[in-house]
Number of protein chains: 2
Amino acid sequence: MNVNVNGRQLFFCSCFDISFVIPVLILFCSCHKLQESLLSSASGYSNYRGILNWCVVMLILSNARLFLENLIKYGILVDPIQVISLFLKDPYSWPALCLIICKCLALLFYLWLQGTFGERLGTFLHLINLSTILCLPVATVLFVSSMTPVGAVFALAVYTILFLKLYSYKDVNRWCRDIRQARARTLARSLSYMYYFIFAPTLCYELNFPRSPRIRKRFLLRRLFEMVFLMQLLVGLIQQWMVPTIQNSMKPFQDMDFSRMIERLLKLAVPNHLIWLIFFYWFFHSSMNFVAELMQFGDREFYRDWWNSETVTYFWANWNIPVHKWCLRHFYKPMLKRGVSKRVAQAAVFLVSAFFHEYLVSVPLKMFRLWAFMGMMVQVPLAWFVGQFLRGNYGNAAVWISLIIGQPIAVLMYVHDYYVLHVQGPSAG
Amino acid sequence: MNVNVNGRQLFFCSCFDISFVIPVLILFCSCHKLQESLLSSASGYSNYRGILNWCVVMLILSNARLFLENLIKYGILVDPIQVISLFLKDPYSWPALCLIICKCLALLFYLWLQGTFGERLGTFLHLINLSTILCLPVATVLFVSSMTPVGAVFALAVYTILFLKLYSYKDVNRWCRDIRQARARTLARSLSYMYYFIFAPTLCYELNFPRSPRIRKRFLLRRLFEMVFLMQLLVGLIQQWMVPTIQNSMKPFQDMDFSRMIERLLKLAVPNHLIWLIFFYWFFHSSMNFVAELMQFGDREFYRDWWNSETVTYFWANWNIPVHKWCLRHFYKPMLKRGVSKRVAQAAVFLVSAFFHEYLVSVPLKMFRLWAFMGMMVQVPLAWFVGQFLRGNYGNAAVWISLIIGQPIAVLMYVHDYYVLHVQGPSAG
């Protein structure tokens, strides 16, 4: 008698009584059975959720080691007093703050006047006003010697935001004039409503902003705590981790030692990326939500799920929603209406973005190198390449790699040039 | 007239015709709406699949940097010839191989004889045989000077496997005798079937092993390729990454410089863990599947999904199924049958496992330090702690941490003691 159990041939003499065979079968069949290994493709197994935990544990442990190595090598470099010196060279001269206060006063005056001009004079003054907003801080930064680079970035960022807001305000007013009946309402908006718009966390003007029903005190306090804590963390990480790594990178970059350059670049990529991620959360979640909660501003969509983006375009359209919304409403769509093709309009948006990136970096450093400009412009072919050849998780990974690697390249370029110009240059000359 | 759209109050004078209001609404309402940020808990958003890609990209980039740093610092250390010297001190003396060949011949003789003895004499000879298997290689390793540690580990592992297999064989034979009718079949198994069991990738004897229907040639070739490639990779990684890291760790461990000790430990953890993972795949997937395919052995469950384990017990019960099966069948269950409580039986299994771990490490190093023994025994309280206090992903992360950190601690302990005893000792004396 042959019996086939679990793929094995059991030979029984026919004289065996079945009642004796059963316990033997139980005893021996429980041990092995015909089956594939889990990692063989034939097993059809696919539960690897433990691997995510593994990744997280490995990342935390690797970075804990880097952090410990850094502490052993350099000691504690965090110095809160030094931060002040980044904003101020001369404690009696506050050029960046003066610039911002001046602008606020000028704006008040301009807005107070704006109802009194005719349409053509109004447009002319508007253009003069916008170009002043872009050029005045540049002149100040380049000619006032007590201006520090960090203070300059801060002032320029405020001016850029004002420029975009005023542009949006005038655009909406023009649209309202086209629909004549709405004009009365536009002009009826009070000066206080304009000031609400100036401080609201959005760049797009609207006649009626959505408002949240009340200020949630616990939400506000949590965001405030995050703002304060993450600000400290950012400053600490930059002082303790970024600065020594950048200083150590100068020599390989001057010697053009390629393998060491790549090693330094990858070494810088980790703190740079972490700092960027914390900055993203600090600025787009904590700070903007804090301001919005305080002003009962209802639209809290300051970012979308860019971390899942599978194309470069998706990333740029979703990580900074205020700017994206402005570009779409006041630049991309008007261009499409005038018959410009989608591809050209998209490239033009990247061009404007590249201009502002360069503006915010070159002017404070007093150094026109176009690295930031090129960094933005390179996104156009990159977006085409990723969209064309990579899908799903591969596309997502490509976006992450471009973020993690792209930024420190630009940072190192600028720091290297700044170092050659300001530190090495004078001493060599 | 007040209209509430998207949470905003729109005030309309009643004189406005609704046909004029609609385009205005479309124009301005499309820009903002009342909504929460994605990262706010109120949004209910939870799609973070991009984060897994982020983790993978970060891990690859970080380790690429470490690898590059290592290459810049040490150059290429991989040396295939040096591997041979790990197995052989004197090219004319092959003690480990002799030991294994001797054993095979002795086993052949023993199995040929076993049918001829009575039951009591058979049991007595069996016990002598088992104790010889454990003691003979120990004596050889300790007294033959041309035995290298790596050769000794290899010989001891083969002897341990034989010990477990013969123990299982005798146990099954005894059970068959208890069920008298099965006895004839047991004794009727030929010597060639016994040799099939000796080489089969399992430690548990059975009267009828499940057999796979045919040898899949492509499967076999792929496993062979993996075996050869991963073996090279393992040797390369050990020479290039482990050895310099361990050598650099000796000084902090002698000076008892704690912060540097932890830094070195974490630095060692990454290559050690990678090597362990590759070893796992090489041994439990490639090699065992290769042997099983060649012998048409049907049961390929050499491991289960230990990477998802949420308790320490689950890990130990699933990463090495041949040993786990043996322990369960020939040690744990027989103890339970004799009325031992589950907890004591579990601790006893860990004790036996600890003994064999120590046996495989201490004898080849000729150094009895009990680090491996304690490493295994510490799993008992660890299993209790993790099972008691950590659940789900936290439990899984705890298992990973114990693996990633636990192993290099033991490795560093042994290397440190070996260094003090064999390298520093004689030169200092």
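Below, chain A is the first sequence line, B the second, and so on; all start at residue 1.
- Per-residue heavy-atom pair counts under 4.5 Å with chain B were compared for A:V270, A:L403, A:I404, and the maximum is reached by A:I404.
- Closest heavy-atom contact between A:S259 and B:L68: O-CD2, 3.5 Å.
- Contact tally against chain A (heavy-atom pairs below 4.5 Å) for B:H273, B:R304, B:R264: the top residue is B:H273.
- Looking at B:L277, only its side chain comes within 4.5 Å of chain A, counting heavy atoms on both sides.
- Interface residues of residues 391-399 of chain A toward chain B, defined by a heavy-atom distance below 4.5 Å and sorted by number: A:N393, A:N396, A:A397.
- Ranked by heavy-atom pairs under 4.5 Å with chain B, the list A:E69, A:R300, A:E36, A:R223 is led by A:R300.
- B:C31 and A:D299 get closest at one heavy-atom pair: O-OD2, 4.0 Å.
- Put simply, OG on A:S62 and NZ on B:K267 are 11.0 Å apart, with the number rounded to the nearest 0.5 Å.
- Residue with the most contacts toward chain B among A:T202, A:L71, A:L59, A:I401: A:L59 (heavy-atom pairs, distance under 4.5 Å).
- Counting heavy-atom pairs closer than 4.5 Å to chain A, the top residue among B:L38, B:I262, B:L39 is B:L39.
- Closest non-hydrogen pair, A:N289 versus B:S37, comes out as ND2-OG, 2.9 Å.
- Note that CD1 of B:I60 is 12.0 Å distant from CG of A:L266, once rounded to the nearest 0.5 Å.
- In terms of heavy-atom pairs under 4.5 Å with chain A, the best-connected choice from B:P213, B:G298, B:S309, B:S43 is B:G298.
- In plain terms, the two heavy atoms of A:N308 and B:G50 that are nearest each other are OD1-N, 2.8 Å.
- In this structure, A:Y303 and B:S40 approach most closely via the heavy-atom pair OH-N, 4.4 Å.
- Neither the backbone nor the side chain of A:L328 has a heavy atom closer than 4.5 Å to any heavy atom of chain B.
- Here the closest heavy-atom approach between residue B:H32 and residue A:P210 is recorded as CB-CD, 3.6 Å.
- Looking at A:D305, both its backbone and its side chain come within 4.5 Å of chain B, counting heavy atoms on both sides.
- Both the backbone and the side chain of B:R260 come within less than 4.5 Å of a heavy atom of chain A.
- Heavy atoms closer than 4.5 Å to chain B are found nowhere in A:F67, neither backbone nor side chain.
- Considering only heavy-atom pairs separated by less than 4.5 Å from chain B, the leading option among A:L66, A:I405, A:I72 is A:I72.
- One finds no salt bridge joining B:K73 and A:E263 here, because no Lys/Arg side-chain nitrogen approaches an Asp/Glu carboxylate oxygen to under 4.0 Å.
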